[in-house]
Protein chains: 2
Amino acid sequence: MSAQKKPRVAKAVARKSSPAATRRERVQSKEDAIIAAAHKSLTTRGFTKTTMSEIARKAGVAEGTLYLYFNNKNALARAVLAAFYKRLTETAKVGVGKCATTREKLEFLARHHLESIIGERRLLELISSDVRNTEAYEGSDIYKMNREYVAVFDDVMRDGIWCGEIEEGAAQWIKRDIFFGSLEYSMRTLLMKKRSSKKDITAVVTELVKLLMDGAGAQFEPMSNHDLIKAVERVDAAAIRLERLSAVKM
Amino acid sequence: MSAQKKPRVAKAVARKSSPAATRRERVQSKEDAIIAAAHKSLTTRGFTKTTMSEIARKAGVAEGTLYLYFNNKNALARAVLAAFYKRLTETAKVGVGKCATTREKLEFLARHHLESIIGERRLLELISSDVRNTEAYEGSDIYKMNREYVAVFDDVMRDGIWCGEIEEGAAQWIKRDIFFGSLEYSMRTLLMKKRSSKKDITAVVTELVKLLMDGAGAQFEPMSNHDLIKAVERVDAAAIRLERLSAVKM
DNA sequence: ATATATAATGAATATCACTCAGTGACTAAA
DNA sequence: TTTAGTCACTGAGTGATATTCATTATATAT
């Protein structure tokens, strides 16, 4: 037994979590720490450049420990994404609740979505690249989270149709795609501009909602109520003159 | 000089390209072969799962040779993407040229884009994940290719505005984002459906163009000029009758 | 024919995701 | 308190893969 493996000595690291916590609580807080560390790395450096050892270091655990909590790098990324969706859905619901009209709700949702995905743009990588392809997307956590999130939009649209603010048109899922698709693409464009300002975001939001509610086609010069009333008044005045005329002659 | 490196013997591989070609031509055809091989792997297996050795094998060259033509895996992927954009732009221009109205042009462009990105969906990964982040996007080949491609859409819209089929609205880039963003998002949705049929594509295309041109909001029953003129004519006729009446009485 | 430039090669290296044999901490029963 | 058992953790080791570079092969010019 000569070249036996050297037994590793525990470094007696001070517990990060409160020592009095139960085992379950300690495990939970460690999971949170890992997700937080992963979130930070993923959002600042992107999926590919983020290494597991980096996450482990940030979270204050050994590399192997990550794999006790998540099967692999993708699963960890998915957990981060799930947490993001949860926050996103929550704030979206709250915000919509404070709006009165359908237009206000849509504008809030659009702005909220756009600002959020600009802030955490690196997370969207995960959706389009590895995460969606690695496993059966349908039935996954992310899929459910996404469903729950876009349901907020669906509800707004349903209400809008119900109270006549929106015309009941084609399949709902198409409008949903138009809404979220436009915003994600706009994000890319905004990020490419030298200084994407608040004004740009407002422009995108306004135009998108305008399109969803009013359309962008050249209207065929609809007459305004004002014009119509003036025209009617003139006719009215003419009729009165005629009435007077015939009354005098009678 | 005992354990000297064994000199590698060339395998005297039969030339793939015609031996009579010039040096320049031979290099070009090899580059094409590499891009073709990379395209095949990338579209079937995705970026991460595609290995450089796999591409080298498919292209019939050594692994090191790949790096004589492209600096790294990302650069190679970018070249594949550039070729894709080139084809896409070409076919888009040709197709639009065959359409008469703005609506037809937009519907063609939408369908063409959607069908193309569904067919080569794995290439889109590249845009959102590594490619865009690896280097300064602006000024890169991909950026220029993309500009050229979306210019086809811009031209259609400009024509549409010029001949009055489209209303001149907000910034053009916003409408562009709405167009392409909706289609890319729709692609995801379509791919998730069990059997995404031709009919689904048609529905998306129709609805998107309808939205861009006519809008989806509940119109407030605007009075048309035609209706107004008819109304005025009726009033006019009534006035004439009255005039005749008073003339008789005179 | 020889020299020079160009093109190609593949073993070696570095980096990273992931594994596993082993260590320590806590808990419950004796 | 002691002891056995389970849970949580560790980090060196493994295999896969992108990238490099010393070397060899081929084509062209003199």
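Just so it is clear, the model here is predicted, and its values are computed rather than measured. Order of the sequence lines sets the chain letters (A, B, ...), proteins ahead of strands, with each chain counted from 1.
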Asks: Using atom CG of A/Leu68 as one end and atom P of C/dG24 as the other, report the distance to the nearest whole Å.
Replies: 17 Å

Asks: Under 3.5 Å, is there a donor-acceptor pair linking the side chains of A/Arg121 and A/Thr43?
Replies: no

Asks: Please determine whether a side-chain nitrogen or oxygen atom of A/Lys30 lies at a distance below 4.0 Å from atom OP1 or OP2 of D/dC9.
Replies: yes

Asks: Quick one: label B/Phe70 by what it contacts on the DNA or RNA (base, sugar-phosphate, nothing), any heavy atom closer than 4.0 Å.
Replies: nothing

Asks: How is B/Thr51 classified with respect to the nucleic acid when contacts are heavy atoms under 4.0 Å: base, sugar-phosphate, or nothing?
Replies: sugar-phosphate

Asks: Measure the distance from CZ on B/Arg57 to C1' on D/dA16 and round it to the nearest whole Å.
Replies: 14 Å

Asks: Return yes when atom CZ of A/Arg87 has more than 12 non-hydrogen atoms of other residues, nucleotides or ligands closer than 6.0 Å, and no otherwise.
Replies: yes

Asks: Heavy-atom nearest nucleotide on DNA chain C for B/Arg24 versus B/Glu63: which residue maps closer to 5'?
Replies: B/Arg24

Asks: Output yes when a side-chain donor or acceptor of B/Ser41 lies under 3.5 Å from a complementary backbone atom of B/Ala38, and no otherwise.
Replies: no

Asks: Rounded to whole Å, please give me the gap between CG in B/Leu76 and C1' in D/dT17.
Replies: 15 Å

Asks: Rounded to the Å, how far apart are A/Asn74 CG and C/dC16 P?
Replies: 17 Å

Asks: Counting only side-chain heavy atoms from C-beta out, which of D/dA8, C/dA8, C/dA17 sits nearest to A/Lys73?
Replies: C/dA17

Asks: Could you give the CE-to-P distance, from A/Met52 to D/dG11, as a whole number of Å?
Replies: 16 Å

Asks: Would you mind reading off the distance between A/Tyr67 atom OH and D/dG13 atom P, rounded to a whole angstrom?
Replies: 18 Å

Asks: Does NZ or CZ of A/Lys73 come closer than 6.0 Å to the centre of the six-membered ring of A/Phe47, within 45° of the ring's axis?
Replies: yes

Asks: Starting at atom CG of B/Leu66, determine the distance to atom P of C/dG10, rounded to an integer number of angstrom.
Replies: 12 Å

Asks: Would you tell me if any nitrogen or oxygen in the side chain of B/Arg26 comes within less than 4.0 Å of OP1 or OP2 on D/dT28?
Replies: yes

Asks: Rounded to whole angstrom units, what separation is found between the CG atom of A/Asn72 and the P atom of D/dG15?
Replies: 19 Å

Asks: Enter the distance from A/Leu66:CG to A/Asn71:CG here, rounded to the nearest 0.5 Å.
Replies: 12.0 Å

